[in-house]
Each structure stands twice: as structure tokens, then as C-alpha cells.
Enquirer: 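Here you go, one structure.
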Number of protein chains: 2
Amino acid sequence: MAKTLGTARHRALIALLIARREAAGLTQTELAAKLGEYQSFVARLESGQRRVDVVEFLQLAGLLGFDPHEAMDQLSRIQE
Amino acid sequence: MAKTLGTARHRALIALLIARREAAGLTQTELAAKLGEYQSFVARLESGQRRVDVVEFLQLAGLLGFDPHEAMDQLSRIQE
DNA sequence: AGAGCATTATCTGAATTTAAGATAACTGAA
DNA sequence: TTCAGTTATCTTAAATTCAGATAATGCTCT
């Protein structure tokens, strides 16, 4: 297991998060503020340098206003 | 963000993973083998000592035969 | 073109997490 | 109680992640 960074699903996850942040009209700095984190945190997340855990994903869905189970559905269709 | 370990959602996630592994009739050792990991890896996961990332969650869903988007739906209902 | 501003990416130690592998503890059946 | 199967914990090395700063990139306006 261990290395999920850079897999097709991970890349798709990132793309989804970026798209959702942009759709919400937020900058990395603004999202970071909502999360109580630095902008570099969001940058590392979105540049694939850091894994996204399940609980964080749910928080992000809440903040960005997307449906986590629908998003998961999309991701699950991607070939691992 | 950062600390998602031990949150209500994290505990629920773990409970779900354990239930699904048991429903699949697998021991930690057997699941570990499928994952290419040690039994202690699964133990740490299930005892809440390690975060579960989104991509791993999808892999686990595949191996344990559960629907990740349905599982996510359950988790998302839990108060954060 | 370029000045200025907003936005995103990268860098550097330090702190935190994670892993391997072994061993200990627990559980239940005979 | 003993034994086998299963799960939990320990140790230390390795890998991630972080804070905070700075650099790079991209707009927009003139």
C-alpha cells in the first residue's frame, strides 16, 4: 500500500479538489483560512505532495460544498 | 486541519473498515497479505493510530468488496 | 512592454508520522 | 490449562508533513 501519491486516482482526486475550490470561487489562501492552515498547505495538497485522508476529504466537501459520496463514485471508476 | 485522528468520523471510518473486513471473512493477516503489507499495518489502521487516505480507502473497498460511495455517504452524515 | 498586485509553487530545517519486524497479549476451543 | 490463531504494542530508522518565508507565475491596466 503505502505509496498512493501520484497514482491515477490520486491525480484525479487532486483535479477534483482543485475544480471544486475554483467552482466555489476561492483562492488557496481563502480555503487555507477556512481550514485554519497556511496557503502552502493547500498548495502541497493540490500539487500532489501530500496525501488526503478520508476525514479531511469530508471536511473539504463540507467547506467547498460538494457531495463527497458522488465524488467518491467518480473516483472509484478510475482504474487503479 | 491536520489532526483528524480520533475524531468521530475517524472512529466511524475505522468501525466500518473493521466490520467490512470481518464481513469478508478475513483476518488482519490475510488482509495485510492482499495489501502487500504487514499485519501490524492493518492493526495500526484499525486501532486508529494511522490515517486512511482516500486512495487507500478505495483500494480497501475494492479488496473487501464494499461500495465506497455508499460508505462515504454514511460517514458524511456523522457530525464532525 | 512593464509595474503592480493577486495567486500559486517551492524551499529549508524541525517536528511529527509511519514502517518493518519482532514480540507480547488476548481469545476461544479442546 | 495448553495451544493455535488472531490482534496489539514496541523500537528505532525512514519517510512525511509542517511552518513560515520567499520565489515564481499570471493578470490587468496604462
Side-chain angles (χ1 to χ4, degrees), chain A residues 1-66 68 71 75 80, chain B residues 1-66 68 71 75 80:
Chain A
M1 212 156 193
K3 51 160 25 40
T4 60
L5 245 52
T7 60
R9 280 177 174 166
H10 182 230
R11 287 196 302 277
L13 169 60
I14 287 171
L16 186 151
L17 290 176
I18 294 174
R20 293 307 193 157
R21 172 178 61 78
E22 291 176 345
L26 295 175
T27 65
Q28 289 185 347
T29 303
E30 289 167 338
L31 174 56
K34 283 177 182 284
L35 292 169
E37 296 284 344
Y38 281 82
Q39 173 267 331
S40 62
F41 175 91
V42 177
R44 275 183 295 117
L45 210 80
E46 295 188 352
S47 59
Q49 299 180 255
R50 185 191 180 282
R51 298 185 301 157
V52 185
D53 88 36
V54 173
V55 178
E56 289 173 339
F57 180 73
L58 289 167
Q59 292 181 215
L60 286 166
L63 286 173
L64 296 177
F66 68 86
L75 294 177
E80 59 184 316
Chain B
M1 211 160 194
K3 48 158 33 26
T4 61
L5 247 50
T7 60
R9 280 175 172 168
H10 181 232
R11 287 196 302 277
L13 168 61
I14 287 171
L16 187 150
L17 290 175
I18 295 174
R20 293 306 193 157
R21 173 178 60 77
E22 291 177 344
L26 294 175
T27 65
Q28 289 185 348
T29 303
E30 289 167 337
L31 175 56
K34 283 176 183 285
L35 292 168
E37 294 286 343
Y38 280 81
Q39 174 268 331
S40 63
F41 175 91
V42 177
R44 274 184 296 114
L45 209 82
E46 294 188 352
S47 59
Q49 298 179 259
R50 185 191 180 281
R51 298 186 300 158
V52 184
D53 88 38
V54 173
V55 178
E56 289 172 339
F57 181 73
L58 289 168
Q59 292 181 216
L60 286 167
L63 286 173
L64 296 178
F66 68 86
L75 293 177
E80 62 184 315

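Each chain gets a letter, A, B and so on, in the order the sequences are listed, and its residues count up from 1. On a predicted model such as this, the values are computed, not experimentally measured, just so you know. Note: hydrogens, waters and symmetry copies are ignored here, and every other heavy atom, side chains too, is used.
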Enquirer: Rounded to the nearest 0.5 Å, what separates atom CG in B:L64 from atom CG in B:L16?
Expert: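 Spacing of CG (B:L64) from CG (B:L16) equals 9.5 Å.
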
Enquirer: For the helix from C:dA1-D:dT30 to C:dA30-D:dT1, what angle separates the axis at the start from the axis at the finish, each from five pairs, in steps of 10°?
Expert: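 About 40°, once rounded to a multiple of 10°.
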
Enquirer: Given D:dT9, D:dT17, C:dT7, which nucleotide is nearest the side-chain atoms of B:Q49?
Expert: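 Looking only at heavy atoms from C-beta outward on B:Q49, the closest nucleotide is D:dT9.
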
Enquirer: Between C:dT8 atom P and A:Q28 atom CD, what is the distance in whole Å?
Expert: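 It is 5 Å, rounded to the nearest whole Å.
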
Enquirer: Atom CD of A:E46 to atom C1' of C:dT10: distance rounded to whole Å?
Expert: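 The answer, rounded to whole Å, is 15 Å.
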
Enquirer: Measure CG/A:L45 against P/D:dA19 and give the value in whole Å, please.
Expert: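 Answer to the nearest Å: 13 Å.
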
Enquirer: In Å and rounded to the nearest 0.5 Å, what is the CG to CG distance from B:L13 to B:L75?
Expert: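 That separation rounds to 5.5 Å.
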
Enquirer: For C:dT8, does OP1 or OP2 lie under 4.0 Å from any side-chain N or O of A:R21?
Expert: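 The answer is yes; a side-chain N or O of A:R21 sits under 4.0 Å from OP1 or OP2.
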
Enquirer: Which of these, A:V42, A:I18, A:L45, sits in a side-chain contact (heavy atoms from CB on, under 4.5 Å) with A:Q28?
Expert: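 With A:Q28 as partner, side-chain contact (heavy atoms from CB on, under 4.5 Å) holds for just one option, A:V42.
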
Enquirer: Identify, between B:S47 and B:E30, the residue whose nearest nucleotide on DNA chain D lies closer to the 5' end.
Expert: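 Final value for this comparison: B:E30.
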
Enquirer: To the nearest angstrom, how far is B:L26 atom CG from D:dT6 atom P?
Expert: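 Those two atoms, CG and P, are 11 Å apart.
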
Enquirer: Between B:R21 and B:E30, does at least one N-O distance fall below 4.0 Å, as a salt bridge requires?
Expert: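 Between B:E30 and B:R21 there is no salt bridge, as every charged N stays at least 4.0 Å from the carboxylate O atoms.
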
Enquirer: Could you check how far CG of B:L17 sits from C1' of D:dT7, rounded to whole Å?
Expert: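 My rounded result for the distance is 16 Å.
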
Enquirer: If you measure from CZ on A:R44 to CD on A:E37, what distance do you get to the nearest 0.5 Å?
Expert: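 Answer for the CZ-CD pair, A:R44 versus A:E37, is 8.0 Å.
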
Enquirer: How many angstroms lie between CZ in A:F57 and CG in A:L17, if you round to the nearest 0.5 Å?
Expert: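 Going from CZ on A:F57 over to CG on A:L17, the span is 6.5 Å.
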
Enquirer: Whole Å only: how far is the CD1 atom of A:I14 from the C1' atom of C:dT8?
Expert: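 Checked: the CD1 to C1' distance equals 14 Å.
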
Enquirer: Using the rule given for salt bridge (Lys or Arg N to Asp or Glu O under 4.0 Å), can you reason through B:R50 versus B:E56, listing the C-alpha separation, both sets of side-chain angles and the distance that settles it, and then say yes or no?
Expert: CA-CA 12 Å; B:R50 185 191 180 281; B:E56 289 172 339; 2.8 Å; yes

Enquirer: So which nucleotide from D:dT9, D:dC18, C:dT8 ends up closest to the side chain of A:R50?
Expert: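 Per side-chain heavy atoms of A:R50, the pick is D:dC18.
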
Enquirer: Could you state the interatomic distance from OG1 (A:T7) to CG (B:L58), rounded to the nearest 0.5 Å?
Expert: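 Going from the OG1 atom of A:T7 to the CG atom of B:L58 covers 9.0 Å.
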
Enquirer: If you restrict it to nitrogen or oxygen atoms, what contacts under 3.5 Å exist between nucleotides 20-24 of chain C and the protein, and what is each distance?
Expert:
unit_1, atom_1, unit_2, atom_2, d
C:dA20, OP2, B:E37, OE1, 3.2
C:dG21, OP2, B:Y38, OH, 2.1
C:dG21, O5', B:Y38, OH, 3.3
C:dG21, O6, B:S40, OG, 3.4

Enquirer: To the nearest angstrom, how far is A:D53 atom CG from D:dT16 atom P?
Expert: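 My rounded result for the distance is 16 Å.
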
Enquirer: C:dT17 P sits how many Å from B:L5 CG, rounded?
Expert: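 Computing the B:L5:CG to C:dT17:P distance gives 8 Å.
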
Enquirer: Say whether, by atom type as modelled, one donor and one acceptor occur between the side chain of A:R9 and the main chain of B:V55 under 3.5 angstrom.
Expert: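 Side chain of A:R9 to backbone of B:V55, a donor-acceptor pair under 3.5 Å: no, none is there.
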
